[in-house]
Peer 1: 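To start, I am sharing the structure in question, which I have written as C-alpha cells.
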Amino acid sequence: MTSKTRKYIDECQAYVNTMSAEELWEYFTETERYELKDGKALEGFMPDWIGEFYAYYQWFYNIPSAEVIDKVPLNFLKKAYFGLHDLDLDLAVQKVGRQ
C-alpha cells in the first residue's frame, strides 16, 4: 500500500487502473523489484476480507492507501478479523474507527 504502483492506482492513472490482475502483478514485481518471500501466507477468506476492508476503509475516510496500513496495521486486523468479518463491512470500518 506504500508502493509506487499503489500510489498510481490512488491517482487513477489509467495505465495501471486498466490492467488485468496478471498484468498488474507483473508490472508491480518489475516496477517495485518485488520478489515473493518464504513464509506462511494467509489462507481462506481472511486475505479477501482484509483486502476489502482496507479498500473500503480508504474510501470511507478518504485517505491515501499509504496511510491505511499505518492507521490499521495488518497484525491488528488479523487479530480483529474474527470479531469483525461477520459484520457489514461499513459497520466493521466504523467500529475500527479513524485511528
Side-chain angles (χ1 to χ4, degrees):
M1 293 211 274
T2 58
S3 69
K4 288 182 246 171
T5 304
R6 183 60 210 189
K7 182 177 180 285
Y8 299 155
I9 293 169
D10 284 356
E11 294 171 350
C12 300
Q13 292 191 16
Y15 181 73
V16 292
N17 281 352
T18 57
M19 291 180 179
S20 69
E22 292 81 18
E23 291 168 327
L24 189 57
W25 175 252
E26 185 176 321
Y27 176 84
F28 172 73
T29 56
E30 289 176 15
T31 302
E32 310 295 331
R33 294 185 176 93
Y34 181 81
E35 293 181 18
L36 290 174
K37 299 168 185 75
D38 290 335
K40 185 170 169 47
L42 295 175
E43 297 177 341
F45 182 66
M46 186 186 286
D48 293 328
W49 184 87
I50 288 174
E52 289 178 19
F53 178 93
Y54 279 140
Y56 192 80
Y57 188 95
Q58 177 187 2
W59 173 83
F60 189 86
Y61 291 111
N62 192 28
I63 59 175
S65 61
E67 292 180 24
V68 174
I69 199 75
D70 291 330
K71 293 185 180 297
V72 186
L74 180 58
N75 284 335
F76 167 81
L77 209 48
K78 288 192 298 189
K79 291 175 188 171
Y81 168 80
F82 297 100
L84 294 175
H85 82 282
D86 283 333
L87 299 175
D88 178 75
L89 192 56
D90 185 70
L91 181 58
V93 165
Q94 290 182 52
K95 278 194 170 287
V96 170
R98 194 169 197 50
Q99 305 291 334

Peer 1: Just jot down the side-chain hydrogen bond (donor to acceptor under 3.5 Å, both in side chains) partners of T5, sequence neighbours excluded, or say none.
Peer 2: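 Once residues adjacent in sequence are excluded, the partners of T5 under the side-chain hydrogen bond (donor to acceptor under 3.5 Å, both in side chains) criterion are E32.
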Peer 1: Could you report the tightest heavy-atom contact between E23 and T18, atom names first, then the distance?
Peer 2: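 Where E23 meets T18 most closely, the heavy atoms are OE1-O, 4.5 Å.
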Peer 1: Does the gap between the ring centers of Y15 and Y27 come in under 6.0 Å?
Peer 2: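 Yes, the ring centres sit under 6.0 Å apart.
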Peer 1: Within the 3.5 Å criterion, strictly below it, is a donor on N17 or Q13 matched to an acceptor on the partner's side chain?
Peer 2: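 Checked: N17/Q13 side chains show no N/O donor-acceptor pair below 3.5 Å.
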Peer 1: For a quick test of your reading: what N or O donor-acceptor pairs under 3.5 Å do the side chains of residues 67-78 make, sequence neighbours left out?
Peer 2:
none

Peer 1: Nearest 0.5 Å, what's the OG-CZ distance between S3 and R33?
Peer 2: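 It is 13.5 Å, given to the nearest 0.5 Å.
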Peer 1: Run the side-chain donor-acceptor check on residues 37-52: report pairs under 3.5 Å with partners two or more places apart or on a different chain.
Peer 2:
none

Peer 1: Can you see which heavy atom on Q94 is nearest to which on F60, and at what distance?
Peer 2: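 Closest approach of Q94 to F60: CG-CZ, 3.6 Å.
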Peer 1: Taking a hydrophobic cluster as the set of Ile, Leu, Val, Met, Phe, Trp and Tyr residues connected by side-chain heavy atoms closer than 4.5 Å, whether directly or through intermediates, do Y57 and I9 fall within one such cluster?
Peer 2: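 Per the 4.5 Å side-chain linkage, Y57 and I9 are not co-clustered.
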Peer 1: Do the side chain of T29 and the main chain of E26 share a donor and acceptor less than 3.5 angstrom apart?
Peer 2: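 Yes, T29 side chain to E26 backbone: donor-acceptor pair under 3.5 Å.
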Peer 1: May I ask you to decide if the ring planes of Y56 and W59 are parallel, tilted or perpendicular, using 30° and 60° as cut-offs?
Peer 2: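 If you compare the ring of Y56 with that of W59, the planes turn out tilted.
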Peer 1: Within the 4.5 Å heavy-atom criterion, are Y34 and W25 side-chain neighbours or not?
Peer 2: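 Yes; the side chains approach each other to less than 4.5 Å.
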Peer 1: Is there a donor-acceptor pair closer than 3.5 Å between any side-chain N or O of D10 and the backbone N or O of S65?
Peer 2: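 A pair under 3.5 Å: yes.
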Peer 1: Is there a chain of hydrophobic side chains (I, L, V, M, F, W, Y, each step under 4.5 Å between heavy atoms) that links Y8 to F28?
Peer 2: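 Hydrophobic grouping puts Y8 apart from F28.
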Peer 1: In this structure, would L24 and L36 fall into the same cluster of hydrophobic residues linked by side-chain contacts under 4.5 Å?
Peer 2: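 Different clusters.
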Peer 1: Kindly compute the distance separating OH (Y54) from CZ (R6), expressed to the nearest 0.5 Å.
Peer 2: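 Going from the OH atom of Y54 to the CZ atom of R6 covers 12.0 Å.
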